[in-house]
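Everything on this sheet refers to the single structure shown next.
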Amino acid sequence: MRLIRIACMIAAFCIISAAAVIVVLPDGARVCAGNVISDARGNDPAPQQTGKSAPPEKEEPAADTSKTLYRVTGVVLVIWTGLAIFLFRLDRKVSKLEKEITNLK
Amino acid sequence: MKHVINIAMKSVYVLMPVTIVMAFLWAPPAELLGDYSRIIYFHVPLAWVSVLAFVVSGILSVIFLLDKKNRFSGLDGKSFNSAAIGLAFTVCTVMTGSIWAKLSWGSFWNWDPRETSIVFILLIYIAYFCLQAALAGKSSRGKIGSSYLIVAMATLPFFVFLIPRIVWSLHPETIINVNRTIYMDDQMWITLLTALISFSVLYVYLFNLMNRIMVLKHRIGEHPHAAD
């Protein structure tokens, strides 16, 4: 049951993080994703290189994006805080039980 | 030494928020993909940890089968725990990957070689848990389960490293690619590295916690009133 709880919490953390990125980001970022759809389904079979930062001309929508990114970061941090509190409390309970059992011996 | 390891494991409470802040606020958006590319800082570490967990479960199974004098206790249980964490992280990898695929390629599932490989890996490890459940209470459970995990580990290099490199894939070129060059900005690379370390520490922390719970269950079985 513990494992299922932990797995569910990690899954929730990942899904809500990803969903927060999708829902909160403005249209400026969606245009970027649209470019990739056409590239990936086009004639050029070369794999996409995702490892380069965006060129400077995209700085204008970045002002809106940065504002929303703060919101996304906040949401994800709140989720992580919940998960961390759960893990910390579980850890403390296990430590307490370990001490009790050691004392019994 | 134990104290130092304990502190290192608990550093996950600091490392993970640092990773989140770096991923969303410090790392630049990737070319073409824009801000959606930030999922990479969660998707790749999750995939890495799932492979790490499966490899650890396989290695522990090898030790369990070789340990005739029973010097290490509960290795079959530990390999079970590691495989369980690996499965949970693999499911998370598939979920984050599907969301990213929808954004980048227009569909949640494309039967890309990597996606197909991960389905096989999931099926292999789900079958392991079915096997463990079917053998519950039998003395041969540990040996059969460990043997299965070793065979499962042997299939990993084919599904994770070989097939996606042989067949053309929608996935971008891997970080460790043919040219041995990292196509990433320094900030992105540092963020990814931090995320990999954070998720690895999270795995170690969860693995340790689950093993301690397993030992506790065993001890409480010996002293039924200990938990009262």
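Proteins get letters first, then strands, A, B, ... in listed order; numbering begins at 1 in each. Everything numeric in this text was worked out from a predicted model, so none of it was measured.
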Derivation of the side-chain contact (heavy atoms from CB on, under 4.5 Å) call for B:Met16 and A:Val76: CA-CA 10 Å; B:Met16 200 54 93; A:Val76 178; over 6 Å; no
side-chain contact (heavy atoms from CB on, under 4.5 Å) between A:Leu87 and B:Val12, intermediate numbers included: CA-CA 11 Å; A:Leu87 285 174; B:Val12 72; 5.9 Å; no
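Here the CE atom belonging to B:Met9 is positioned 8.0 Å from the CG atom belonging to A:Asp91, to the nearest 0.5 angstrom. Here CG of B:Asn6 is found 7.5 Å from OG of A:Ser95. Values are rounded to the nearest 0.5 Å. Put simply, OG1 on A:Thr68 and CG on B:Asp35 are 7.0 Å apart, with the number rounded to the nearest 0.5 Å. The CG atom of B:Leu209 sits 11.5 Å away from the NZ atom of A:Lys93 when rounded to the nearest 0.5 Å. Summarising the geometry, atom CG belonging to A:Leu83 is positioned 7.0 Å from atom CG belonging to B:Leu202; distances are rounded to the nearest 0.5 Å. Interatomic distance, A:Ile101 CD1 to B:Ile220 CD1, rounded to the nearest 0.5 Å: 4.5 Å.
Within the 4.5 Å cutoff, the side chain of B:Arg219 has heavy atoms near those of the A:Thr102 side chain.
No part of A:Thr81 comes within reach of chain B, as not one of its non-hydrogen atoms sits under 4.5 angstrom from that chain.
For B:Tyr13 (side chain) and A:Phe88 (main-chain N/O), a donor-acceptor pair under 3.5 Å exists by modelled atom type.
Put simply, the residue from A:Thr73, A:Val75, A:Val72 that forms a side chain to side chain contact (heavy atoms under 4.5 Å, CB included) with B:Ile20 is A:Thr73.
When all heavy atoms are compared, the tightest approach of A:Leu69 to B:Arg38 is CD1-NH2, 3.5 Å.
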